[in-house]
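Heads up, the thing below is written out as C-alpha cells.
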Number of protein chains: 2
Amino acid sequence: MTKLEPSPRNKALAGLAHWRHDPQRDAITRAFTFANFAEAFAFMTQIALVAERRDHHPEWSNVYNKVEITLTTHDAGGLTQRDVDLAHEADRIFQRFGTRK
Amino acid sequence: MTKLEPSPRNKALAGLAHWRHDPQRDAITRAFTFANFAEAFAFMTQIALVAERRDHHPEWSNVYNKVEITLTTHDAGGLTQRDVDLAHEADRIFQRFGTRK
C-alpha cells in the first residue's frame with residue numbers, strides 16, 4: 001500500500017467533506033458527536049470491528065459523546081487508499097446512528 | 001461529589017502508582033499497553049461498561065495496542081473519589097488482561 005500522490009489524494013479528499021487534512025502528517029481527522037456516551041461507544045465498537053477485519057486501525061479519542069478519528073498509514077508515511085476507504089466506512093456507520101435517533 | 005482536598009488527594013495518588021497527576025488540570029493519566037488492537041479494545045469495552053454503569057466517563061485515546069486514560073470530574077473542577085475509584089477499577093481490569101496473556 002503506497003501513499004497517495006497529490007492528485008488522487010486531492011480527489012479522494014474532495015469526497016470526504018467532513019474530514020480535514022493535516023498536510024504535515026498527511027492524515028485526515030473527523031469529529032463525531034452523539035446523543036450520549038453509550039451511542040458514542042456503540043459507534044466505536046462498529047469501527048473497531050471494521051478496523052480489525054481490515055487490519056487497519058484508527059488513532060482515536062473519546063470524551064463522553066464525542067469521538068475524534070485520525071487516519072493515516074504509518075507504514076506508508078501518509079494517506080493511502082485504506083485510510084480513504086475507512087473514512088467512508090466511518091461516515092456510513094455514523095449516518096446509521098444519525099438516522100436512528 | 002466534591003473535589004478532593006490536597007491531603008486526601010495525595011493519599012489517594014500514593015495508592016495509584018501507575019498514574020501521573022497533572023496539577024494544572026487536577027487530572028490523572030495512565031497509559032496501558034496490550035498485545036494488539038483486539039486486546040486493547042476488549043479492555044476499553046470493559047471500562048466503557050463500568051463507566052456507563054457509574055455514569056462517570058473517561059477521556060481516552062487509543063492507537064493500535066495502546067490506550068491512554070485521563071480521569072477528572074468536570075463538574076467538580078478536579079479530581080474526586082469517583083476518579084480514584086475508576087482508576088483502581090481500570091488497574092484491576094488491566095491486571096486481568098496481563099495475567100491472561
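Residue numbers start from 1 in every chain, and the chains themselves are labelled A, B, ... in the order their sequence lines are given, proteins ahead of strands.
By the rule that hydrophobic residues join a cluster once side-chain heavy atoms approach within less than 4.5 Å of another member, Met44(B) and Phe97(B) end up as members of one cluster. A continuous path of hydrophobic side-chain contacts links Phe41(B) to Val50(A) [ILVMFWY only; heavy atoms under 4.5 Å]. The hydrophobic cluster containing Leu16(A) also contains Leu86(A), counting ILVMFWY residues as joined when their side-chain heavy atoms lie under 4.5 angstrom apart, directly or transitively. The hydrophobic clustering, which links ILVMFWY residues whose side-chain heavy atoms are closer than 4.5 Å, places Phe32(B) and Val63(A) apart.
The minimum heavy-atom distance between Phe37(A) and Ala48(B), with the atom names listed, is CE2-O, 3.6 Å.
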Could you list each N or O donor-acceptor pair linking chain A to chain B at a distance under 3.5 Å?
residue: Trp60(A); atom: N; partner: Asn62(B); partner atom: O; Å: 3.1
residue: Trp60(A); atom: O; partner: Asn62(B); partner atom: N; Å: 2.8
residue: Trp60(A); atom: NE1; partner: Asn62(B); partner atom: OD1; Å: 2.7
residue: Asn62(A); atom: N; partner: Trp60(B); partner atom: O; Å: 2.8
residue: Asn62(A); atom: O; partner: Trp60(B); partner atom: N; Å: 3.0
residue: Asn62(A); atom: OD1; partner: Trp60(B); partner atom: NE1; Å: 2.7

